[in-house]
Structure formats: C-alpha cells, structure tokens
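Below is one structure, written out as structure tokens; comments come after it.
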Amino acid sequence: VSELRWHPLLEEWVTVAPWRQDRTYHPPADHCPLCPTRPGMAETEIPEPDYHIAVFENRFPAYTGDQGRCEVVCYTPDHDSSLGEQSVDHIQDLIEVWRDRTDELGRLPNVRYVYVFENRGEVIGVTLSHPHGQIYAYPFVPPVIQRELQAEARHKRKTGRCLYCDVIAGEQNAERIVFQDDRWIAFVPAFARWPYEVHLAPIKHRGGLADLDEADDESFARSLKELLQKYDRLFKMPLPYVMAMHQKPPGRGGSHHHFHVEFYPPNRSRDKLKYLAGSEIGAGAFILDARAEDTAAELRGI
Amino acid sequence: MNFAPKCTSRHATQTPLDSSLDAPQMCRRVWSSEPLKIKRLTKRVVIKPDGRYLIYYERA
C-alpha cells in the first residue's frame with residue numbers, strides 16, 4: 001500500500017506510491033489496455049470482445065486495500081471517441097455508473113471521500129488515449145474539497161444559506177453564463193483560475209450524484225455533452241481538460257455542500273498553454289491573463 | 001522537530017486519520033440508508049486472475 005506522509009506546513013497528506021513510476025505509458029493504439037479484447041489479439045484489461053461501460057481497479061493504484069480504491073472507468077469500447085461524442089442517453093448511463101461507484105466506494109470503512117474525475121489530453125499527463133475517467137476513493141478528505149467544505153460551512157453559519165447557491169444567484173446577470181436550462185447551469189465563475197474554466201452545476205441544491213433525479217440526470221447529460229462539444233469547437237481540436245466532480249463526502253454530513261463539476265482546460269489559445277509556475281506552485285496564487293466575462297462570451301458564441 | 005517518524009501511515013497505529021494525526025474531517029461517516037439501486041443498467045462483476053475486480057455495466 002501507499003505511504004501517506006503528513007505535510008506539517010500545508011497540513012495535508014502527501015501520498016507516496018513509487019510503483020506508479022512503472023505504469024503503462026502511451027502504448028500504441030493496437031495495444032490499448034482499455035479496448036475490448038479483439039479475437040486473436042493479446043488480452044487487454046477487458047477480456048470480452050465488447051462492452052457498454054466497464055470499470056476496473058487500477059493496476060497501478062495510489063490507494064488500495066484498507067486505504068481506498070483507484071478505479072478506471074472506460075466510457076466506451078470505441079478507442080477513437082471521447083466523452084463529448086457519446087449520446088445523451090449513453091452519458092446518462094455513465095452518470096448512473098458514477099453514482100453507483102460513488103455509493104459503493106463511499107461505504108468502504110476507511111474511505112472519507114470519493115472523487116470522480118477525468119484527465120483528457122497528453123498535456124494534462126494522460127498516458128492512455130482511450131476515452132476514460134477515473135475514480136479515487138481517498139482515506140482522507142482532499143485539501144481542495146476540505147477548503148470548499150469549510151468555506152461553505154462558514155457561509156451557512158453566517159447567513160443560513162448555501163454558498164454555492166449564492167454563487168449561482170450572483171450569475172443571474174448572464175455575463176458569465178455559457179448556457180443553462182431549467183435545471184443545470186454552465187458558467188465561467190468570476191473567480192476562475194484557468195482561462196476557459198467552466199463550472200457545471202445543478203441550479204437547485206443537490207449534494208451529489210445520489211441526490212439527482214431522472215430529469216436532473218438528463219439535463220446533466222445534455223449539459224455535459226454541450227459543454228464538451230463547445231470545448232472541442234473552441235480551437236477546432238480536442239481540447240485537453242481536467243474534469244473534477246465535487247460531491248459531498250460520503251455519509252450523512254456535508255449537507256451544506258452543493259454538487260458541481262469543475263473543468264480546467266490548460267489552453268489559453270490553440271497553441272499556448274497556461275503553465276502553473278512560480279506564483280501558482282510556489283505561492284498558491286493564481287494569476288490569470290483572461291477575463292471570465294470574455295471567455296464566457298467566447299464559449300457562448302460557438 | 002522531525003515529523004516523519006510519527007506522521008506517516010507507516011508509523012501510525014491504525015489509519016492515518018486516527019487520533020492526533022488527524023487532518024480535520026468535515027463529517028462523521030455514518031450510514032443508515034440502503035445501498036443505491038441502479039435502474040438503467042445491470043452490473044456484472046468479474047474477478048481478474050490477479051485479484052482485481054472488473055465490472056461490466058450493461059443496458060438492462
């Protein structure tokens with residue numbers, strides 16, 4: 001298992017998992033471990049010749065056994081596809097998978113947080129190009145989520161309201177809204193730290209995937225597809241991104257948390273990336289050379 | 001002060017979140033509800049030769 005080391009200055013856990021150094025690195029497409037096993041070819045992670053959606057334990061996990069889990073979610077058997085290219089119906093199936101995994105992993109005795117995410121694109125550090133996401137079941141609440149929960153708890157104590165509901169209410173002048181329907185909203189938050197960062201959130205207060213009803217799911221699936229298609233239209237290329245689902249922690253607590261999905265594409269133009277450098281890495285202070293109002297207008301218009 | 005000997009999971013007596021080594025937690029892990037039921041899909045679990053699980057989610 002991994003070793004967790006406490007960072008006394010930042011008061012957060014660092015996970016040490018040296019075996020991950022040997023993980024599969026950019027295999028050729030005909031040796032993709034996330035494709036179904038084709039007749040006459042070597043067995044992949046998925047021995048059957050086809051699948052709808054498949055989930056398996058990561059071969060090189062950061063957390064396993066009593067510590068937690070790391071899972072790989074294969075969205076589709078089609079190697080050359082992407083999440084945004086799936087049908088709304090298929091994405092609704094995927095939402096059900098994410099919800100089922102969140103529930104099951106959240107019941108493991110030492111798991112304190114279940115994090116659903118996707119890394120897309122080589123510049124993000126993706127080592128397998130097959131469309132897939134990941135789920136980490138952590139033995140602690142990760143620091144970004146913890147800070148969010150603390151801010152939300154303070155706001156709730158002070159005002160009696162949900163912080164994120166107030167953030168959404170503050171977007172009603174439409175300047176930073178990318179699109180919305182009666183259930184979900186996509187917007188570039190005023191406090192965005194990445195040029196084309198977008199938050200996708202249920203307008204009504206929901207704590208996590210488990211709190212969504214069927215109509216929420218459908219709207220979520222449609223919104224997710226719309227946003228990812230806009231991203232790929234932005235620079236006329238598959239836009240790299242990190243997709244981060246911020247759900248409430250497992251159990252009965254965290255009711256003040258508002259579920260939302262954050263997207264961080266690293267591109268500031270087609271061929272220029274925003275790098276995390278001295279200010280961001282060394283001091284934790286993001287400096288952004290784009291206005292949320294401008295990037296929202298750009299995304300709205302495509 | 002050397003934090004390494006006690007503030008690692010290797011040296012902690014149980015989980016790293018026990019006792020004084022705790023990172024602050026926001027909620028107690030208390031479950032009372034039944035596990036969620038999936039509606040749109042069926043689920044088939046296969047154990048791989050190395051002990052890892054693989055779950056096929058299929059259209060119901």
Can you say whether [X] sits under 4.5 Å from chain B via the side chain, the backbone, both, or neither, judging by heavy atoms?
X: A:Pro61; value: neither
X: A:Glu71; value: side chain
X: A:Asp217; value: neither

Checklist line | Heavy-atom closest contact (B:Leu36 atom, A:Ala210 atom, distance) | finding: CD1-CB, 4.2 Å

Next item on the list: Apply the test side chain to side chain contact (heavy atoms under 4.5 Å, CB included) to residues A:Asp93 and B:Tyr57: give CA-CA distance (whole Å), side-chain angles for both, the deciding distance (0.1 Å), then the verdict.
Entry: CA-CA 9 Å; A:Asp93 288 347; B:Tyr57 287 91; over 6 Å; no

Item checked: Under 3.5 Å: donor-acceptor pair, side chain of A:Glu96, backbone of B:Lys39 -> yes

Check: Below 4.0 angstrom, N of the basic side chain to O of the carboxylate: do A:Asp100 and B:Arg40 qualify?
Finding: no

Item checked: Closest-packed option against chain B by number of heavy-atom pairs under 4.5 Å, given A:Glu104, A:His257, A:Glu45 -> A:Glu45

Next item on the list: Could you have a look at A:Arg59, A:Glu214, A:Arg99, A:Lys248 and say which one has the most heavy-atom pairs with chain B under 4.5 angstrom?
Entry: A:Arg59

What I'd like to find out is whether the side chain of [X] reaches to under 4.5 Å of the side chain of [Y], using heavy atoms alone.
X: A:Glu57; Y: B:Tyr53; result: yes
X: B:Arg44; Y: A:Glu48; result: yes
X: A:Pro47; Y: B:Leu54; result: yes
X: B:Thr42; Y: A:His52; result: no

Item checked: Over 12 non-hydrogen atoms of neighbours within 6.0 angstrom of NZ in B:Lys48 -> yes

Note to self: Measuring from atom CG of A:Leu94 to atom CG of B:Leu41, what distance do you get when rounded to the nearest 0.5 angstrom?
What the structure shows: 9.5 Å

